[in-house]
Student: 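One structure coming up, written as structure tokens, with questions to follow.
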Protein chains: 2
Amino acid sequence: MNILSRMEELILLSVWKLQTEAYGLEIRQHLSELTGQDLSVGAVYVPLKRLKKRGYLEAWDSEPTDERGGRSKRFYKLTQKGIGALQQVKSVQENAWSNLPDIGFDWTPAKS
Amino acid sequence: MNILSRMEELILLSVWKLQTEAYGLEIRQHLSELTGQDLSVGAVYVPLKRLKKRGYLEAWDSEPTDERGGRSKRFYKLTQKGIGALQQVKSVQENAWSNLPDIGFDWTPAKS
DNA sequence: AACATTTGTTCTAAATTATAAAACAAATAG
DNA sequence: CTATTTGTTTTATAATTTAGAACAAATGTT
């Protein structure tokens, strides 16, 4: 099992966070809040599909709501595999950020 | 400033961690310890160069050592910009992982 | 000296991923 | 019935990752 890319991780976390409201456009908005950057639509839908194809997410289509323009949404939910992948990436992350030396260390480059 | 990819983050963290021993092959080995995966040589050298070109790292060449086959190494060091990018990615990361609801939440998919 | 081995970097082609933007679809408001 | 809104799909392009071969220089062996 390969380690998740950052985009994949953030999308899976958004699905987790949004619970029953995890669908494309909502995920996109949540991501832009998390990162402070606006993403294109494709930047969300394309990886969402990939994550589903690989078994990290499952999906189903809702009935349309009665909001202005509200039409049927494709909701996503984490699978067990998705949760496992998140745990793995978190563990790698914590590992990588631990036991770092003081940032101010200093040495003289051995110039040629 | 765009958010770092995971590979970029892990490489910058390796440079930080390895201090005076931050050069290609050593970084590669450190990464394989961190992630549990073996990386190809190109998987490290290619992003290292990009990170330098973008100003996240600076580099200089050492004199050869006296080890068997030991030849000159290209050492890397974090720049201020590199440190800043790491701080940014850490903050996004912590944000994304906080305030997550219990994973066991449950609901009935509105089947069509 | 000649050759193999080790440590190390560079190059490059292929696969994967990210991104923007346009197209498409369906619902509601007027 | 037309415009607007919410939403997904498609597609073309750019950027990144990756594997692997090529290259380079130093040391060890015979």
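Just so we're on the same page: letters track the sequence lines, and every chain starts at 1.
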Student: Indicate the atoms forming the closest heavy-atom contact of B/Tyr76 with B/Trp60, along with that distance.
Tutor: C-CZ3, 4.4 Å

Student: Over how many whole Å does the gap from A/Arg6 atom CZ to D/dT16 atom C1' extend?
Tutor: 14 Å

Student: Can you work out whether A/Lys49 or B/Glu8 has the more 5'-proximal nearest nucleotide on DNA chain D?
Tutor: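 In this pair, the answer is A/Lys49.
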
Student: Between P on C/dA21 and CZ on A/Arg28, what's the gap in Å once rounded to a whole number?
Tutor: 11 Å

Student: Quick one, B/Ile83 and B/Leu12 - any side-chain contact, counting heavy atoms below 4.5 Å?
Tutor: no

Student: Rounded to whole Å, how long is the line connecting atom CD1 of A/Ile11 with atom C1' of C/dT17?
Tutor: 11 Å

Student: Round to a whole Å and report the spacing from OH of B/Tyr23 to C1' of C/dG8.
Tutor: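 Rounded to the whole Å, the gap is 8 Å.
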
Student: Is any side-chain heavy atom of B/Gln19 less than 4.5 Å from a side-chain heavy atom of B/Lys77?
Tutor: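 No - every pair of side-chain heavy atoms lies 4.5 Å or more apart.
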
Student: With sequence neighbours excluded, tell me which residues meet salt bridge (Lys or Arg N to Asp or Glu O under 4.0 Å) with A/Lys90.
Tutor: A/Glu94

Student: In this structure, how many angstroms lie between the P atom of D/dT16 and the CD atom of B/Glu9, rounded?
Tutor: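 Taking atom P of D/dT16 as the reference, CD of B/Glu9 is at 16 Å.
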
Student: Restricting to nitrogen or oxygen on both sides, can you table the protein-nucleotides 18-22 of chain D pairs closer than 3.5 Å?
Tutor:
residue: D/dA19; atom: OP2; partner: B/Ser40; partner atom: N; Å: 3.0
residue: D/dA19; atom: OP2; partner: B/Ser40; partner atom: OG; Å: 3.3
residue: D/dA19; atom: N7; partner: B/Ser40; partner atom: OG; Å: 2.8
residue: D/dG20; atom: O6; partner: B/Gly42; partner atom: N; Å: 3.4

Student: Keeping the roles fixed (side chain from B/Ser14, backbone from B/His30), state whether a donor-acceptor pair exists under 3.5 Å.
Tutor: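 Flag not set: sc B/Ser14 to bb B/His30 has no pair under 3.5 Å.
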
Student: Distance only, no hydrogens: is a donor on one side chain within 3.5 Å (strictly under) of an acceptor on the other, for B/Gln93 and A/Glu9?
Tutor: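 Yes - a donor-acceptor pair under 3.5 Å links their side chains.
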
Student: Rounded to the Å, how far apart are B/Arg74 CZ and C/dT7 C1'?
Tutor: 16 Å

Student: Test salt bridge (Lys or Arg N to Asp or Glu O under 4.0 Å) on B/Lys73 and B/Glu67; report intermediate values, then the result.
Tutor: CA-CA 12 Å; B/Lys73 301 165 184 170; B/Glu67 303 163 73; 3.6 Å; yes

Student: Show each protein N/O and nucleotides 28-30 of chain C N/O combination with a separation under 3.5 Å, one pair to a line.
Tutor:
residue: C/dT28; atom: O2; partner: A/Arg68; partner atom: NH1; Å: 3.0

Student: Not counting sequence neighbours, which residues clear side-chain contact (heavy atoms from CB on, under 4.5 Å) with B/Arg54? List them please.
Tutor: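 Here the qualifying residues are B/Glu8, B/Arg50, B/Tyr56.
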
Student: Grab the CD-P distance between B/Glu21 and C/dT7 for me, whole Å please.
Tutor: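 Interatomic distance, CD of B/Glu21 to P of C/dT7: 14 Å.
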
Student: Take the protein atom NZ of A/Lys73 and the nucleotide atom P of C/dA27, then report the distance between them rounded to whole Å.
Tutor: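 Atom NZ in A/Lys73 sits about 14 Å away from atom P in C/dA27.
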
Student: Quick test: give all pairs of protein nitrogen or oxygen and nucleotides 23-25 of chain C nitrogen or oxygen below 3.5 Å, distance rounded to 0.1 Å.
Tutor:
residue: C/dA25; atom: N3; partner: A/Arg71; partner atom: NH1; Å: 2.4

Student: If you define the side chain from C-beta out and look only at heavy atoms, does anything of B/Arg6 sit under 4.5 Å from A/Val92?
Tutor: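 When only atoms from C-beta onward are counted, A/Val92 and B/Arg6 do not touch, as no gap falls below 4.5 Å.
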
Student: Kindly say if A/Arg54 contacts the phosphate of C/dT17, meaning a side-chain N or O under 4.0 Å from OP1 or OP2.
Tutor: yes

Student: Can you tell me which residue pairs pass the salt bridge (charged side-chain N to carboxylate O under 4.0 Å, His left out) test with a partner in residues 17-45 of chain A, sequence neighbours excluded?
Tutor: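 Those involving residues 17-45 of chain A do not exist here.
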
Student: Verify, without hydrogens or angle tests, whether A/Arg74 (side chain) and A/Gly24 (backbone) share a donor-acceptor contact under 3.5 angstrom.
Tutor: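 No, because the side chain of A/Arg74 does not come within donor-acceptor range (under 3.5 Å) of the backbone of A/Gly24.
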
Student: Check every atom of C/dT17, D/dG7, D/dT17 against the side chain of A/Ser5 and return the nucleotide holding the closest atom.
Tutor: C/dT17

